[in-house]
Amino acid sequence: MTHLLSFDAATMARLLGPAAAIDVLADVLRAGLDPEEGPARTSVRVPAGELLLMPAAFGPYAGVKIAGVAPANPAAGLPRITGSYLLLDGANLRPLALLDGAALTELRTPAVSALAVRHLTPTGKPLRLVLFGTGPQAYGHLEAVLAVRQVAEAIVVGRNQIGARALAGYARTLGVLARTGTPDDVAKADLVVCCTTAREPLFDGSLVAPGATVVAVGSHEPDAREVDSTLVARSEVYVEARGAALREAGDLLVPTAEGTIEEDHIVAGIADLVTGRRTPTTERPRFFKSVGMAWEDLAVAGALYEAALAAP
């Protein structure tokens with residue numbers, strides 16, 4: 001029987017950093033992976049919150065993530081996102097590795113966002129970043145954005161001021177000018193990143209400059225959103241996959257239900273950006289909405305497994 005490798009969060013952080021994870025995602029899209037073909041996420045309501053089942057297969061690997069979303073956990077000092085990832089040999093489905101599912105999510109979600117940022121923001125200009133959120137995803141997104149762009153200033157906006165000051169302090173340890181701020185700071189931002197548990201819009205979308213990019217990752221529920229209908233209507237909209245967005249992205253489904261936009265308001269998926277099939281405009285805000293997809297977990301888990309085999 002093949003020995004099943006086990007990866008905890010510390011091991012994963014040592015094996016694969018944000019920059020490498022971003023490149024892994026780009027590579028699988030260039031290799032022909034079509035996000036539209038991925039199976040839908042299965043969601044089951046349970047007493048503690050929500051259980052998610054996310055299977056995928058591509059190239060030499062298959063795998064499945066079982067993730068839990070437990071809203072009451074943080075108050076008890078426990079992580080809101082839990083779970084495990086089982087990586088399988090794609091040819092025969094033998095188990096190869098078991099990975100910390102929460103750590104995998106904290107690595108791949110910022111990598112997806114940063115891959116979009118790489119294609120949606122201008123090069124050669126340090127960006128003024130406004131970051132909503134103070135949890136693990138906010139830290140991960142700061143690091144991932146820094147892997148693809150220079151940041152002139154990072155402004156952290158959070159309900160928890162202690163947490164906001166801590167994240168701004170962490171940004172300064174990375175050499176970034178940083179402070180806490182308010183939602184109105186989006187008016188002068190080049191890049192706005194939203195990674196919160198908010199269910200209602202975080203800021204006034206009319207304030208966002210025409211050349212700015214907004215990324216929202218905090219929700220995968222049809223009735224929850226981090227940005228308002230005004231921003232969505234003004235923006236050129238990109239997603240991971242149209243099918244997934246139209247099932248789960250409240251940021252898009254709410255304005256669609258209101259009649260503010262039509263389903264065809266979505267311009268393209270991330271694969272179109274990576275492969276060069278779509279070039280973004282500079283005349284409107286650019287909005288990237290992700291809900292998290294199983295192909296992303298599979299790509300990063302496979303890269304972690306290969307890095308472990310190659311390590312001395």
Side-chain angles (χ1 to χ4, degrees), residues 7 9 12-13 16-26 28-29 33 35 38 41 43 50 52-54 56 63-70 79-85 99-120 129 131-149 167 191-198 202 213-221 224-227 238-241 244-245 248-251 269-271 273-274 287-304:
F7 298 85
M12 293 163 64
L16 201 71
I22 296 162
D23 289 340
V24 164
L25 295 170
V28 297
L29 292 172
L33 184 145
R41 181 192 346 245
S43 173
E50 184 180 17
L52 306 172
L53 186 68
M54 302 173 64
V64 60
K65 183 167 74 175
I66 301 175
V69 182
R80 180 174 179 270
I81 305 297
T82 68
S84 296
Y85 192 89
L99 298 88
D100 182 315
L104 182 61
T105 302
E106 289 170 16
L107 177 60
R108 65 82 154 139
T109 302
V112 174
S113 297
L115 181 59
V117 168
R118 178 187 280 171
H119 292 276
L120 294 176
L129 167 67
L131 180 59
F132 286 85
T134 60
Q137 284 292 342
Y139 281 81
H141 274 78
L142 173 65
E143 294 172 353
V145 167
L146 290 173
V148 296
R149 288 291 182 268
L167 179 51
L191 174 63
V192 179
V193 177
C194 307
C195 33
T196 75
T197 58
L202 296 164
T213 297
V214 178
V215 173
V217 307
S219 167
H220 64 268
E221 297 175 70
R225 57 179 178 164
E226 295 176 290
V227 304
Y238 295 87
V239 295
E240 295 149 297
E248 302 182 353
D251 298 82
I270 194 168
L273 290 171
V274 172
F287 176 50
F288 176 71
K289 170 59 188 170
S290 75
V291 295
M293 296 186 70
W295 66 268
E296 302 155 359
D297 295 306
L298 179 69
V300 175
L304 283 161

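- Take Arg149 and apply the salt bridge (charged side-chain N to carboxylate O under 4.0 Å, His left out) test, not counting sequence neighbours, and it matches no residue.
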Could you go step by step and tell me if Lys65 and Leu52 meet the side-chain contact (heavy atoms from CB on, under 4.5 Å) rule?
CA-CA 8 Å; Lys65 183 167 74 175; Leu52 306 172; over 6 Å; no
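- Surrounding CD1 of Ile66 are at most 12 heavy atoms belonging to other residues, nucleotides or ligands under 6.0 Å away.
- Contact of the Trp295 side chain with the Leu29 side chain is registered, since non-hydrogen atoms from C-beta on lie closer than 4.5 Å.
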What do the steps show when you test Met293 against Val112 for side-chain contact (heavy atoms from CB on, under 4.5 Å), and what is the final call?
CA-CA 10 Å; Met293 296 186 70; Val112 174; over 6 Å; no
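- Remark: the backbone N or O of Val291 is paired with a side-chain donor or acceptor of Glu240 at under 3.5 angstrom.
- The two residues Phe288 and Ser113 have their closest heavy-atom pair at CE2-CA, 4.3 Å.
- In this structure, Glu50 has no salt bridge (charged side-chain N to carboxylate O under 4.0 Å, His left out) partners at least two apart in sequence or on a different chain.
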Steps toward side-chain contact (heavy atoms from CB on, under 4.5 Å) verdict (Leu104, Leu304):
CA-CA 10 Å; Leu104 182 61; Leu304 283 161; 4.2 Å; yes
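- For the salt bridge (charged side-chain N to carboxylate O under 4.0 Å, His left out) test, residues two or more places apart in sequence or in another chain that qualify with Glu248 are Arg41.
- For the 3.5 Å distance criterion, the side chains of Ser219 and Glu226 fail to qualify, holding no donor opposite an acceptor.
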Applying side-chain contact (heavy atoms from CB on, under 4.5 Å), run through Val69 and Ile81 and close with a yes or a no.
CA-CA 5 Å; Val69 182; Ile81 305 297; 3.9 Å; yes
